[in-house]
Amino acid sequence: MKDVFKRILHKYTTVFRNRGMRRFLILMFALITLSTGLLSISMLGKSYSYNVGDIAKESIRAPWEIVYPVHLETDQERRFAAESVPPLFDKDSYVLTEKTKLANILFNTVQTVSTNVPAVQNDGGQTQLKAVMEMLPEQLQYDKRIIYAILSYNRHEDMRVTVANILNDLYEKGVLEEGLDMQRFASRPNVAVRVQTDEQSFVEEKRKIEDLYTAEALKNSLTYICSRYTADYPKDQQWAIYVIVKSLVKPNVRFNEDETRRRMSEASNQTKPIMAMLKKGQVVAREGDSITVDMQRKIAVINKYTRTIRINYVIGIFLFQLLFLAIFTFFLADYYRTIVPDSKAPVILFILLAAFFIIAFLLHRALMDQDTGIYFILLLPVPFITMMVSILFTVPMALMAGGIAVFFFSMLDGGDHASMGLALSSVFLGIFGTRGLEKRTDFLKSGLVIGIVNALVVLFIGLMEKRSSQIIITNTEIAAAAGIVKDRKSTRLNSSH
């Protein structure tokens, strides 16, 4: 691993020690800086100031493709997500345990007295009744008639089991806290009931809000509930069971508002923004149109994205180009003389590409409010640059120049498939379509070839993208004409030398 790093370091050291290579890299770094600066400034666009109802004084188009969040629809989705969260209720399982324990104390006390305190003849059970009352804790001091109804019934264990079953039924279903406004849950009938199983674990189940007992509902239905379990008991014992159960019932389900709000907030925050897109050149408002609310929102989006240079974009585009320069530098030590044949080549390459950057930037600024389609790349002198570098210097250097030009164009305009196809075909045709040409007629023939190939590229891509026949024919004619015209300009330039 150390040997690999040593070899890499040796490569870079060799490059920077060579004066010609060092000058080449400095000029390339200057190109990267110029490219980054122009691309960053290109993100700035024209802003507009209109209110709803105003008349548009000019046609307003998106300067480039903009993806933006639609706040109104996003807010609706987030509100829907929050409202879809079921209200959370916490059920206290200890309440059932506590109340069952009290019922057991009551019936165990009665059983103990019945066993150990003999009944006195003709005292109406007062001796045993008094003994039970003295042994019971304060919260179980029922009316003497209730205690007597239990004492006078022979099957105390059956009554205890019946009371336990009724309590289990009520608390298993859940008894809501008193004073809870049930209207707030009218639109959210599904709720979550959570039971804590240990210090860190919970179990939740989905329920309907109407499945939980409210204080009012329990008051009205407790007699019926008890009657389902006590139908076989005498009336006095039925009444005693009802009174005991009623006294042992208390709320065991509490609405957890804080946790519900937290879950609603979490669901809202996790909702992804609803995104919309303005395509490059898309008409937002035409001259003379009355500005609507939707138009004003889109204009605000354009203004937001054209007033600032995003620092992340600047850093990213600069480092991206710097990375490729670093990779290229690694191979420069071995192939410098093959790529760069003389000392003037880096300066001429810098001038050509810098001029291309500035021309492309100015054209883009002039046409940024228009849907240029393939016209923008046809106006740029891509084949001219590659042709000149290929004729004056070497093919590898021309390929490098063409790659840099296409990269700058793609980042500047974000062209469609047809534009990128034209850019790449212009690079290769500009290099290889003019190799070995000597006469002016040869240049005209190469221009014809470039025009035909450009036309075919646009035709095939138009068919792939299922464009209309009229658009395909128009773009094909323009591509063919542009290829021939550009090569005729090159012919004149070469003949002048």
Side-chain angles (χ1 to χ4, degrees), residues 15-16 18-42 317-318 320-322 324-326 328-329 331-332 335-366 376-413 423-424 426-435 437 443 446-447 450 482 485-497:
V15 169
F16 283 105
N18 185 290
R19 183 179 178 183
M21 296 182 194
R22 189 165 61 246
R23 181 171 61 176
F24 178 82
L25 291 177
I26 291 172
L27 290 172
M28 289 299 101
F29 183 82
L31 271 181
I32 289 175
T33 304
L34 176 63
S35 169
T36 303
L38 292 176
L39 289 174
S40 300
I41 296 172
S42 72
I317 201 70
F318 178 76
F320 184 80
Q321 295 175 91
L322 207 60
F324 274 87
L325 179 61
F328 180 77
T329 302
F331 300 98
L332 196 61
Y335 303 102
Y336 180 73
R337 289 302 175 189
T338 305
I339 299 173
V340 185
D342 60 59
S343 59
K344 295 180 180 179
V347 177
I348 295 174
L349 180 65
F350 173 81
I351 293 172
L352 285 172
L353 287 175
F356 174 81
F357 289 171
I358 294 171
I359 292 170
F361 171 76
L362 294 176
L363 275 173
H364 180 262
R365 297 293 290 181
F376 182 57
I377 186 59
L378 293 175
L379 292 172
L380 297 178
V382 176
F384 170 77
I385 290 176
T386 55
M387 185 186 305
M388 293 302 298
V389 175
S390 175
I391 292 172
L392 294 174
F393 304 113
T394 63
V395 170
M397 193 171 180
L399 285 171
M400 182 181 68
I404 294 172
V406 171
F407 170 78
F408 185 81
F409 158 74
S410 64
M411 296 305 299
L412 185 66
D413 186 64
L424 293 173
S426 296
V427 168
F428 290 108
L429 290 170
I431 296 172
F432 300 106
T434 56
R435 300 295 293 170
L437 302 182
F443 278 94
S446 70
I450 291 174
V485 169
K486 284 181 180 179
D487 208 70
R488 287 193 64 184
K489 288 181 180 179
S490 300
T491 303
R492 293 195 191 100
L493 184 61
N494 281 278
S495 63
S496 65
H497 289 283

What is the distance from atom OG of S35 to atom CD1 of I317, rounded to the nearest 0.5 Å?
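Atom-to-atom, S35:OG and I317:CD1 are 6.5 Å apart.
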Quick one: CD1 on I404 to CG on L352, what's the gap to the nearest 0.5 Å?
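The distance works out to 11.5 Å.
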Under 3.5 Å donor-acceptor pairs involving side-chain atoms of residues 18-25, not counting sequence neighbours:
from	atom 1	to	atom 2	distance (Å)
N18	OD1	G20	N	2.9
N18	OD1	M21	N	3.0
R22	NH1	F16	O	2.5
R23	NH2	S343	O	2.8

Closest heavy-atom contact between I339 and P396?
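For I339 versus P396, the nearest heavy atoms are CG1-CB, 4.2 Å.
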How far apart are the closest heavy atoms of A354 and L31, and which atoms are they?
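Where A354 meets L31 most closely, the heavy atoms are N-CD2, 3.8 Å.
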Check: L34 and F361 side chains under 4.5 Å, non-hydrogen atoms
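They are not in side-chain contact.
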Heavy atoms, side chains only, cut-off 4.5 Å: are M400 and L349 in contact?
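Heavy-atom side-chain distance check passes, below 4.5 Å.
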Which residues satisfy the ring pair (Phe, Tyr, Trp, His ring centres under 6.0 Å) test with F350, sequence neighbours excluded?
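Expected list: none.
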Ring pair (Phe, Tyr, Trp, His ring centres under 6.0 Å) against Y336, all qualifying residues, sequence neighbours excluded
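Y336 satisfies ring pair (Phe, Tyr, Trp, His ring centres under 6.0 Å) with no other residue.
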Could you list the residues that satisfy side-chain contact (heavy atoms from CB on, under 4.5 Å) with P341, not counting sequence neighbours?
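Result, side-chain contact (heavy atoms from CB on, under 4.5 Å) vs P341: A345, F393, T394, M397.
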Residues in side-chain contact (heavy atoms from CB on, under 4.5 Å) with I32, at least two apart?
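So I32 forms a side-chain contact (heavy atoms from CB on, under 4.5 Å) with T36, F318, Q321, L322, L325.
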Determine, step by step, whether L38 and F408 satisfy the side chain to side chain contact (heavy atoms under 4.5 Å, CB included) criterion, reporting the C-alpha distance in whole Å, the side-chain angles of both residues, the deciding distance to 0.1 Å, and the verdict.
CA-CA 10 Å; L38 292 176; F408 185 81; 4.1 Å; yes
Kindly assign one of parallel, tilted or perpendicular to the pair F320 and F407, based on the angle between their ring planes and the thresholds 30° and 60°.
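Answer is parallel, since the angle falls under 30°.
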